[in-house]
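One structure is given here, and the rest of the page talks about it.
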Amino acid sequence: MKNYIAHLLKLGVSQTYRKNYYAMRQKCLQHLSVVRQLQELPRYTSASITLLGETLDIVDSASCLSMYQDIFEREIYKFTAKGTQPFVIDCGSNIGMSVIYIKRLYPESSVLAFESDPNVVSVLEKNIRSFKLSSVEIIPKAVWNAETTLEFLIEGADGGRLIDDQSDQSDSKLIQVKTVRLRDYLDRPISFLKIDIEGAETCVIEDCKDLLSNVENIFVEYHSFVGKPQTLHVLLGCLIDAGFRVHLHANAPIAQPFIQRAIHTEMDMQLNIFGFRE
């Protein structure tokens with residue numbers, strides 16, 4: 001009760017406190033609205049929701065909810081740039097929520113957005129227009145360690161991935177996509193490099209490790225696939241050799257991995273890796 005009375009008094013006498021309180025309250029209401037909208041939608045269904053007062057097109061409610069919670073609630077991509085016009089490379093932009101967040105964080109930033117799933121690319125383009133975002137270049141190709149054509153598994157949400165192993169090519173949802181070599185885009189200062197490319201991350205990072213010195217902050221989602229060698233040590237080695245200090249956050253951590261390992265979309269572990277310079 002005392003805390004509540006103190007809160008009411010501060011609302012009445014402090015303009016700053018009142019402004020911060022109502023801003024926080026409005027943010028909470030917006031979060032609740034987005035969560036409710038997404039929870040009411042079936043999976044793998046195209047739809048539209050309201051986000052930050054604008055219309056956001058989605059391809060899957062569950063993956064969109066997960067992205068929203070990571071990007072807008074937990075703000076895992078928040079970084080500090082040295083100026084007001086940072087250059088950002090977003091590998092695996094999906095429907096554009098990461099791009100929208102970055103442009104709200106730094107409205108004058110320039111963003112290079114890579115997305116390889118053609119069905120998702122059309123939604124990404126529409127969302128960039130809907131949010132009236134400028135200085136965003138979309139490249140509808142997959143990020144890889146060479147410029148070529150590879151098989152791509154369409155998952156229907158945020159789990160589409162390149163297939164470079166012939167043993168994985170029995171799925172009927174395979175298409176061919178063009179790839180680009182990421183190192184060709186790392187010849188200038190980059191404030192933030194985000195890499196979420198569903199298993200191709202180690203090959204890509206290893207190929208451009210000598211150019212990572214141009215990157216100030218890096219985010220990599222590491223994917224460990226069942227039955228395939230883990231390459232986390234290679235990935236971390238590249239980042240540490242490039243001068244990054246790294247933090248690792250487990251994505252949906254398992255309490256007893258000795259006893260039981262949860263398998264999700266053929267993966268037994270996912271890690272969010274944050275690299276920054278001290």
Side-chain angles (χ1 to χ4, degrees), residues 23 26-27 29-31 33-35 37-38 41 46-61 63-143 157-158 160 177-178 180 182 184-198 214-221 272:
Q26 182 63 27
K27 187 176 181 179
L29 291 174
Q30 288 176 349
H31 286 330
S33 173
V34 172
V35 171
Q37 290 176 79
L38 292 171
L41 293 170
S46 297
S48 297
I49 66 168
T50 300
L51 173 68
L52 304 172
E54 303 290 349
T55 299
L56 179 81
D57 279 33
I58 70 170
V59 296
D60 172 63
S61 57
S63 60
C64 185
L65 177 57
S66 176
M67 286 188 288
Y68 174 77
Q69 291 171 331
D70 278 344
I71 297 170
F72 288 97
E73 289 188 353
R74 289 186 277 273
E75 295 191 85
I76 65 171
Y77 299 147
K78 191 171 186 177
F79 68 97
T80 301
K82 292 180 178 178
T84 60
Q85 299 176 315
F87 177 54
V88 175
I89 297 180
D90 185 353
C91 303
S93 296
N94 200 257
I95 62 172
M97 297 184 78
S98 52
V99 179
I100 294 166
Y101 174 82
I102 290 165
K103 291 296 292 184
R104 284 180 64 84
L105 187 64
Y106 291 103
E108 298 181 63
S109 62
S110 297
V111 181
L112 193 59
F114 293 93
E115 176 54 48
S116 49
D117 187 328
N119 297 323
V120 177
V121 168
S122 61
V123 177
L124 169 63
E125 293 172 337
K126 189 172 182 180
N127 286 333
I128 297 304
R129 291 194 300 269
S130 176
F131 279 76
K132 304 176 182 64
L133 302 181
S134 60
S135 300
V136 177
E137 180 183 357
I138 298 172
I139 299 182
K141 296 181 180 181
V143 172
D158 61 347
V177 298
K178 299 288 187 181
V180 296
L182 179 60
D184 293 340
Y185 298 87
L186 303 185
D187 58 350
R188 57 178 287 188
I190 299 155
S191 293
F192 179 46
L193 171 60
K194 174 212 152 196
I195 300 178
D196 184 359
I197 50 179
E198 303 298 316
N214 289 331
V215 179
E216 188 68 23
N217 302 280
I218 187 170
F219 171 90
V220 183
E221 185 168 283
N272 289 340

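Values reported hereafter were calculated over all heavy atoms of this structure, with side chains retained and with hydrogens, waters and symmetry mates removed. Given the structure is predicted, the values throughout are model-derived calculations rather than measurements. The first residue of the sequence shown is numbered 1, and numbering continues consecutively from there.
Between Val215 and Ile218, some side-chain heavy-atom pair lies under the 4.5 Å cut-off. With a 4.5 Å cut-off on side-chain heavy atoms, Ile100 and Leu52 count as touching. Residues Glu198 and Asp196 meet the side-chain proximity criterion, which asks for heavy atoms closer than 4.5 Å. Contact annotation: the side chain of Ile128 approaches that of Val99 to within less than 4.5 Å [non-hydrogen atoms, C-beta and beyond]. You'll find the side chain of Leu56 reaches within 4.5 Å of the side chain of Ile49, heavy atoms only. Under the 4.5 Å side-chain criterion, counting only non-hydrogen atoms from C-beta, Ile195 is not in contact with Asp90. Side chains of Val121 and Ser116 form no contact here, defined as non-hydrogen atoms less than 4.5 Å apart. The shortest side-chain heavy-atom distance between Glu216 and Phe79 does not fall under the 4.5 Å cut-off.
One finds the CD atom of Gln69 at 11.5 Å from the CD1 atom of Ile76 (value rounded to the nearest 0.5 Å). The distance from the CD1 atom of Ile197 to the CD atom of Glu115 is 11.0 Å, given to the nearest 0.5 Å. In this structure, CD1 in Ile89 is found 11.0 Å from CZ in Phe192, a value given to the nearest 0.5 Å. One finds the CE atom of Met67 at 9.5 Å from the CG atom of Leu38 (value rounded to the nearest 0.5 Å). Atoms OG and CG, on Ser66 and Asp70 in that order, are 5.0 Å from each other to the nearest 0.5 Å. Distance check, rounded to the nearest 0.5 Å: OG of Ser61 to CG of Leu41 gives 5.5 Å.
Proximity of a side-chain donor or acceptor of Ser110 to a complementary backbone N or O of Phe87 within less than 3.5 Å is not detected. The main-chain N or O of Leu186 is found under 3.5 Å from a side-chain atom of Asn214 such that the two form a donor-acceptor pair. Of the possible polar contacts, none joining the Asp57 side chain to the Ser48 backbone as a donor-acceptor pair under 3.5 Å is found. One N or O on the side chain of Tyr106 and one on the backbone of Ala81 form a donor-acceptor pair closer than 3.5 Å. A donor-acceptor pair under 3.5 Å links the side-chain atoms of Lys194 to the main chain of Gly92, judged by distance alone. Formation of a donor-acceptor pair under 3.5 Å by the Asn272 side chain with backbone atoms of Glu221 is not found in this model. In this structure, the side chain of Gln37 engages the main chain of Thr50 through a donor-acceptor pair within 3.5 Å. Checking side-chain atoms of Asp117 against main-chain N and O of Asn119 turns up a donor-acceptor pair under 3.5 Å. In this structure a side-chain-to-backbone donor-acceptor pair under 3.5 Å is missing from Ser191 to Val88. In this structure, the side chain of Lys103 does not engage the main chain of Val136 through any donor-acceptor pair within 3.5 Å.
Residue-environment remark: CZ (Arg74) exceeds the threshold of 12 foreign heavy atoms within 6.0 Å.
Contact detail for Ser93 and Ser98: the closest heavy-atom pair is O-OG, 4.0 Å. Between Phe114 and Lys141 the shortest heavy-atom distance is CB-O, 4.0 Å. Closest heavy-atom contact between Ile71 and Tyr101: CG2-CB, 3.4 Å. Summarising the geometry of Ser109 relative to Val111, their closest heavy-atom pair is OG-CG2, 3.9 Å, with the distance given to 0.1 Å. Across all non-hydrogen atoms, the minimal contact from Asn217 to Thr80 is ND2-O, 3.9 Å. Shown here for Ile95 and Asn127, the closest heavy-atom pair between the two residues is O-ND2, 2.9 Å.
In this pair, Tyr77 and Phe219 present their aromatic rings perpendicular. The plane angle is above 60°, beyond the 30 to 60° band.
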| request: Evaluate side-chain contact (heavy atoms from CB on, under 4.5 Å) for Tyr185 paired with Ile190, printing each intermediate quantity in order. | output: CA-CA 10 Å; Tyr185 298 87; Ile190 299 155; over 6 Å; no

| Derivation and outcome, side-chain contact (heavy atoms from CB on, under 4.5 Å), residues Asn94 and Leu124 | CA-CA 7 Å; Asn94 200 257; Leu124 169 63; over 6 Å; no

| field | Stepwise side-chain contact (heavy atoms from CB on, under 4.5 Å) test for Cys91 and Leu193 | value | CA-CA 8 Å; Cys91 303; Leu193 171 60; 4.2 Å; yes

